[in-house]
Amino acid sequence: MAYLERLKPHLPLELFENFVHGRGIGIIAKSVSCKYKQVVEFPDTLAIATKINNMLPDRFTMSVIAVSHKTETIVAEGAVVVVAYDYRKKDKTLVPEEIVRVVETLEAEANERIANN
C-alpha cells in the first residue's frame, strides 16, 4: 500500500481513492508469491522495496524484496499480480490511463536515481 500512496499527489483525489479503496475501478490481487531466502531472527528490521513492472492494459506485477538490516542481505523476494477490477460491474477492466502514466513516470524516475548512484 505504501507504493500506491506514492500515486496520490499525482492523481485526482477521487480517482486515487476509488482505485486504492476498491470503489468503482480499483485493484484486486490475482496471485501472490514469496520465496524466502534466509531466516530472519529477532531482533531485526526489514526494509521492503517494491517496483511495478510488466504493466499490461488490465494488470501489472508488483515485485517485492525484503532486506535484513542486520545481515544486509535479501531475505525474501516476491511478486503480486494485480488486476484492475470494476467493483460496480464485478468484472475485470483496464487500468485507468492516468494511473498507467503516473506509474510509468515514477518507475522511470526511480530507475534514473538508481543509475545515477
Side-chain angles (χ1 to χ4, degrees):
M1 290 304 290
Y3 184 98
L4 296 176
E5 285 292 325
R6 292 179 47 214
L7 304 178
K8 189 174 186 175
H10 308 282
L11 293 170
L13 184 58
E14 183 178 4
L15 174 62
F16 172 80
E17 293 289 332
N18 288 346
F19 192 71
V20 172
H21 299 293
R23 296 186 296 261
I25 295 177
I27 52 177
I28 193 165
K30 177 180 185 257
S31 64
V32 178
S33 65
C34 183
K35 180 179 179 183
Y36 298 97
K37 302 173 77 65
Q38 178 182 318
V39 173
V40 177
E41 295 180 351
F42 183 81
D44 198 352
T45 301
L46 301 180
I48 309 299
T50 57
K51 174 181 177 52
I52 291 181
N53 51 5
N54 196 27
M55 185 71 111
L56 298 173
D58 65 341
R59 72 191 64 216
F60 56 86
T61 302
M62 182 175 284
S63 300
V64 182
I65 61 170
V67 178
S68 163
H69 284 214
K70 188 189 297 185
T71 64
E72 297 181 348
T73 58
I74 296 173
V75 297
E77 297 177 324
V80 181
V81 176
V82 179
V83 176
Y85 189 78
D86 187 326
Y87 284 87
R88 290 185 200 111
K89 295 179 181 175
K90 299 187 186 321
D91 198 10
K92 183 173 71 165
T93 190
L94 301 177
V95 177
E97 188 58 39
E98 289 174 274
I99 291 174
V100 172
R101 281 194 301 272
V102 170
V103 167
E104 289 174 345
T105 299
L106 292 175
E107 288 298 331
E109 290 170 357
N111 290 336
E112 187 175 322
R113 281 193 306 276
I114 290 168
N116 291 330
N117 284 330

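For clarity, every value in this text was computed on a predicted model and none was experimentally measured. The first residue in the sequence is number 1, and the count goes up from there. All values below come from the heavy atoms of this structure, side chains included, with hydrogens, waters and symmetry mates left out.
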Is [X] linked to [Y] within one hydrophobic cluster, defined over Ile, Leu, Val, Met, Phe, Trp and Tyr using a side-chain heavy-atom separation of less than 4.5 Å?
X	Y	value
Ile25	Met55	no
Ile48	Val82	yes
Tyr36	Val80	no
Leu7	Val83	no
Ile74	Val40	no

Donor-acceptor pairs are to be reported for all side-chain atoms of residues 61-69 against protein atoms at under 3.5 Å, with residues two or more places apart or in another chain.
{"from": "Ser63", "atom 1": "OG", "to": "Asn53", "atom 2": "OD1", "distance (Å)": "3.4"}
{"from": "Ser63", "atom 1": "OG", "to": "Asn53", "atom 2": "ND2", "distance (Å)": "3.2"}
{"from": "Ser68", "atom 1": "OG", "to": "Asp44", "atom 2": "OD1", "distance (Å)": "3.4"}
{"from": "Ser68", "atom 1": "OG", "to": "Asp44", "atom 2": "OD2", "distance (Å)": "2.5"}
{"from": "Ser68", "atom 1": "OG", "to": "Lys70", "atom 2": "N", "distance (Å)": "3.1"}
{"from": "Ser68", "atom 1": "OG", "to": "Thr71", "atom 2": "N", "distance (Å)": "3.0"}
{"from": "Ser68", "atom 1": "OG", "to": "Thr71", "atom 2": "OG1", "distance (Å)": "3.2"}

Scan the side chains in residues 93-106 for donor-acceptor partners under 3.5 Å anywhere in the protein, sequence neighbours excluded, and list what turns up.
{"from": "Thr105", "atom 1": "OG1", "to": "Arg101", "atom 2": "O", "distance (Å)": "2.9"}

Just how far is it from atom [atom1] of [X] to atom [atom2] of [Y], taken to the nearest 0.5 Å?
X	Y	atom1	atom2	result
Ile28	Lys30	CD1	NZ	12.0 Å
Phe19	Ile27	CZ	CD1	5.0 Å
Ile114	Lys51	CD1	NZ	6.5 Å
Asn18	Leu11	CG	CG	11.5 Å
Glu14	Arg23	CD	CZ	9.0 Å

Results of ring-ring contact (aromatic ring centres under 6.0 Å, His included) for Tyr85 - residues two or more places apart only: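 With neighbours one apart ignored, the set is Tyr87.
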
Minimum heavy-atom distance Leu4-Phe16, with the two atoms named: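 What the structure gives for the nearest pair is O-CE1, 3.2 Å.
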
Student check: side-chain heavy atoms of Lys8 and Leu13 closer than 4.5 Å: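 Touching, per the 4.5 Å side-chain cut-off.
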
